[in-house]
Amino acid sequence: MSRAKQITPPVAGHGEGPVWCPADGRLRWVDMLAGDLLAYDPATGLVTRRHVAPVLAALRPRAGGGLVAAVERGFALLTDDAVQPLPELWSDPTVRMNDGGCDPLGRFWCGSMAYDAAPGRAAVYRLDPDGAVHTVLTGVTVSNGLAWNRAGDTAYYVDSATGRIDAFAYDPATGELGDRWPVVSVPARRGVPDGLCVDTEGGIWVALWDGGAVHRYAPDGALTAVVELPVARPTACTFGGPGYADLYVTTSREGLPPGDRAPAGALFRVRPGVAGFPGYEFAG
């Protein structure tokens with residue numbers, strides 16, 4: 001068991017979707033419901049903020065520079081000084097994008113959720129490098145963590161309403177998902193599985209909403225490490241820094257009364273003793 005260290009003030013109302021950007025050595029994440037992009041520079045400790053859209057759900061670096069992002073009802077491409085929204089995928093204002101990631105073929109996947117978390121109203125979408133969008137999963141409730149292992153043959157996925165981390169067989173040649181099976185069922189008393197990432201040894205790190213912790217599970221589902229946080233609602237985690245040895249954790253202030261002085265909404269970091277690896281980038 002270890003404890004994460006707070007490294008920023010509470011800068012986000014609902015921090016989510018952290019990603020390490022090796023091009024400039026910064027950690028980026030979103031203040032989702034403010035529609036803001038946050039960036040942390042470990043060299044200076046400074047956080048910068050940029051407003052992007054009414055909702056900014058997830059983002060990943062693009063291989064050619066800039067970022068790909070999920071906004072409220074679709075995708076967008078970001079450069080340093082411009083936001084290029086792509087066509088909206090739906091018109092229903094009660095459903096928004098939530099969390100996602102890139103696969104080994106450089107495609108950006110993101111899932112949605114209803115604002116009221118109504119069962120079965122969400123889906124998972126895939127943005128291809130040529131701009132085509134495909135619906136990959138339907139009947140989802142709260143689409144959350146999605147990440148591929150280092151070998152690129154397994155995708156791990158969380159629909160938070162299930163209380164599970166599931167795995168999909170993934171064909172790196174075709175990019176198709178195959179068989180699905182449950183890896184971990186998180187007891188309700190431990191919290192709700194949210195965002196996740198994978199380390200070089202195949203361990204799955206998942207943030208536990210209302211659990212105040214990040215857990216590491218082996219591919220066989222065994223609990224192998226616990227990182228405690230001084231806040232109830234960690235949302236997601238990712239590896240970054242030199243050698244991808246640092247685990248960064250985003251957190252949320254949702255549910256706290258105005259003026260509460262808890263460090264919720266801050267960014268946290270821990271060095272867990274196992275490293276991550278460079279994330280897949282969007283090829284478009």
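Smallest separation of non-hydrogen atoms from P219 and G202: CG-O, 3.4 Å. Residue P272 comes nearest to A245 through the heavy atom pair CD-O, 3.4 Å, listed as atom of the first residue, atom of the second, then distance. Here the shortest heavy-atom pairing between F168 and G178 reads CD2-O, 3.8 Å. Closest non-hydrogen pair, P10 versus A264, comes out as CB-O, 3.2 Å. Minimum heavy-atom separation, V140 to A123: CB-N, 4.1 Å. In terms of heavy atoms, V249 sits closest to P234 at CG1-CB, 3.9 Å.
For the pair L208 and D194, the minimum side-chain heavy-atom distance is 4.5 Å or more. Put simply, the side chain of R269 does not reach to within 4.5 Å of the side chain of L27, judged on heavy atoms. Counting heavy atoms from C-beta outward, W209 and T235 have side chains that approach closer than 4.5 Å. Side-chain atoms of W109 and D103, non-hydrogen and from C-beta on, do get closer than 4.5 Å to each other. Contact of the V136 side chain with the L177 side chain is registered, since non-hydrogen atoms from C-beta on lie closer than 4.5 Å. A heavy-atom distance below 4.5 Å is not found between the side chains of D166 and Y156.
Rounding to the nearest 0.5 Å gives a distance of 8.5 Å between CZ of R3 and CZ of F268. Here the CH2 atom belonging to W148 is positioned 9.5 Å from the CG atom belonging to L105, to the nearest 0.5 angstrom. To the nearest 0.5 Å, the span separating SG on C237 from NE2 on H215 amounts to 11.5 Å. To the nearest 0.5 Å, the span separating CG on L137 from OG on S143 amounts to 7.5 Å.
A continuous path of Ile, Leu, Val, Met, Phe, Trp and Tyr side chains, each step under 4.5 Å between heavy atoms, connects M32 with V71, placing both in one hydrophobic cluster. Side-chain heavy atoms closer than 4.5 Å link hydrophobic residues (I, L, V, M, F, W, Y) into clusters, and following such links, even through other members, never connects V214 to M1. Under a hydrophobic-cluster definition in which Ile, Leu, Val, Met, Phe, Trp and Tyr are linked whenever side-chain heavy atoms come within less than 4.5 Å, directly or via other members, Y125 and L77 are assigned to the same cluster.
Between R216 and D199, at least one side-chain nitrogen of the basic residue sits less than 4.0 Å from a carboxylate oxygen of the acidic one, meeting the salt-bridge criterion.
Between F75 and the choices C110, P87, P85, the side-chain contact (heavy atoms from CB on, under 4.5 Å) rule is met once, by C110. With R233 as reference, D210 is the one residue of D210, T250, T251 to meet the side-chain hydrogen bond (donor to acceptor under 3.5 Å, both in side chains) rule.
Between F277 and F239, the distance separating the two ring centers is not shorter than 6.0 angstrom.
Donor-acceptor pairing under 3.5 Å is lacking for the side chains of Y244 and T200. Under 3.5 Å, the side chains of D159 and N144 contain no donor-acceptor pair of N or O atoms. In this structure, a donor-acceptor pair under 3.5 Å is absent between the side chains of R73 and S112.
Counting non-hydrogen atoms of neighbouring residues, nucleotides and ligands closer than 6.0 angstrom, the CG atom of D92 exceeds 12 such neighbours.
A donor-acceptor pair is defined here as one N or O able to donate and one able to accept, closer than 3.5 Å; such a pair exists between the side chain of D260 and the backbone of A262.
Applying the side-chain hydrogen bond (donor to acceptor under 3.5 Å, both in side chains) definition to pairs two or more places apart or across chains, those involving residues 8-20 are H14-S252.
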Would you tabulate the side-chain donor-acceptor contacts of residues 37-61 under 3.5 Å, counting partners in other chains and residues two or more places apart, or write 'none'?
residue : atom : partner : partner atom : Å
D41     : OD1  : A43     : N            : 2.9
D41     : OD2  : R26     : NH2          : 3.2
T44     : OG1  : L46     : N            : 3.2
R49     : NH1  : D31     : OD2          : 3.2
R49     : NH1  : D36     : OD2          : 2.8
R49     : NH2  : V11     : O            : 2.3
R50     : NH1  : T79     : O            : 2.7
R50     : NH2  : T79     : O            : 3.0
R50     : NH2  : A82     : O            : 3.2
H51     : ND1  : A34     : O            : 3.2
H51     : ND1  : D36     : OD1          : 2.8
R60     : NH2  : G100    : O            : 3.1

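Y115 carries R96 over the face of its six-membered ring, with the cationic atom under 6.0 Å from the centre and within 45° of the normal.
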